[in-house]
Amino acid sequence: MIIAKVLIAFIAILHIYFLILEMFLWDKPMGMKAFGNNSEKAALTKVLAQNQGLYNGFLAAGLIWSLFAAMPFAIQLANFFLGCVLVAGLYGAMTASKKILYIQALPALVTLMVVNFI
């Protein structure tokens, strides 16, 4: 279960990073570079990105919760929030960028497998 917890923590940290990029750095050089935006597009989409960042924060919070919850509730929480990350990653890969498949969906899938089969 230690490997599963490390992977869950990694994905939570990744989503905290997404929160920071989307909520606070969207229209800054680092955020624009990460998402391939220019200043015009970043200005037009900033509020949407902040909302998106907030949702990533909720995913991170749920994953962190799963790290501290008692068994078997911890596994149920991990499954739910990792499933949400997986679905969001698949949808993002289909609609926004294929790289989301590798950055978000694949790590969630691998972690789901580790949580449930190891």
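Predicted model, so just to flag it, every value in this text is computed and none were measured. Atom set for the values below is all heavy atoms of this structure, side chains included, hydrogens, waters and symmetry mates excluded.
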Quiz item: Within a strict 4.5 Å, meaning less than it, do heavy atoms of the Pro107 and Leu7 side chains meet?
Solution: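 SC-SC contact between Pro107 and Leu7 ruled out.
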Self-check item: Residue pair Phe24 / Leu19, side-chain heavy-atom distance below 4.5 Å
Solution: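 A side-chain contact under 4.5 Å exists here.
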Grouping I, L, V, M, F, W and Y whenever their side-chain heavy atoms are under 4.5 Å apart, do [X] and [Y] come out in a common cluster?
| X | Y | answer |
| --- | --- | --- |
| Leu54 | Ile64 | yes |
| Phe18 | Val47 | no |
| Leu67 | Tyr17 | yes |
| Val110 | Ile100 | no |
| Phe58 | Leu77 | yes |

Exercise. Quick one: which residue pairs count as a ring-ring contact (aromatic ring centres under 6.0 Å, His included) with a foot in residues 94-118, not counting sequence neighbours?
Key: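 Checked against ring-ring contact (aromatic ring centres under 6.0 Å, His included) - neighbours excluded - no pair reaches residues 94-118.
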Quiz item: Which salt bridge (charged side-chain N to carboxylate O under 4.0 Å, His left out) pairs, counting each pair once, include a residue from residues 2-17, with sequence neighbours left out?
Solution: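 Counting only pairs at least two positions apart or across chains, no salt bridge (charged side-chain N to carboxylate O under 4.0 Å, His left out) contact touches residues 2-17.
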Practice problem: Show the numbers, then the answer: is there a side-chain contact (heavy atoms from CB on, under 4.5 Å) between Lys41 and Leu44? | Solution: CA-CA 5 Å; Lys41 185 177 177 186; Leu44 289 171; 5.7 Å; no
Smallest separation among heavy atoms of [X] and [Y], with atom names:
| X | Y | value |
| --- | --- | --- |
| Ala78 | Ser66 | N-CB, 3.6 Å |
| Ala60 | His15 | CB-CB, 4.0 Å |
| Ala4 | Thr111 | O-CG2, 4.3 Å |
| Ala88 | Gln104 | CB-NE2, 3.9 Å |

Quiz item: Does atom CG of Leu48 have more than 12 heavy-atom neighbours from other groups under 6.0 Å away?
Solution: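 Counting neighbours around CG of Leu48, more than 12 heavy atoms of other residues, nucleotides or ligands fall under 6.0 Å, so yes.
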Sequence neighbours left out, what passes side-chain contact (heavy atoms from CB on, under 4.5 Å) with [X]? Give chain and number order.
| X | answer |
| --- | --- |
| Leu86 | Leu90, Ala105, Ala108, Leu109, Leu112 |
| Ile75 | Met1, Met71, Asn79, Val115, Asn116 |
| Leu25 | Ile20, Leu21, Lys28, Met30 |
| Lys99 | Ser97, Ile103 |

Linked hydrophobic residues, [X] as query - side chain contacts closer than 4.5 Å:
| X | result |
| --- | --- |
| Val87 | none |
| Ile13 | none |
| Met94 | Tyr91 |

Self-check item: All pairs passing side chain to side chain donor-acceptor pair (under 3.5 Å) where residues 42-64 contributes a residue, at least two apart
Solution: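 Those involving residues 42-64 are Glu22-Gln52, Glu22-Asn56, Trp26-Thr45, Asp27-Lys46.
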Practice problem: Only counting residues at least two apart or in another chain, list the ones meeting ring pair (Phe, Tyr, Trp, His ring centres under 6.0 Å) with Phe73. | Solution: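 Result, ring pair (Phe, Tyr, Trp, His ring centres under 6.0 Å) vs Phe73: Trp65.
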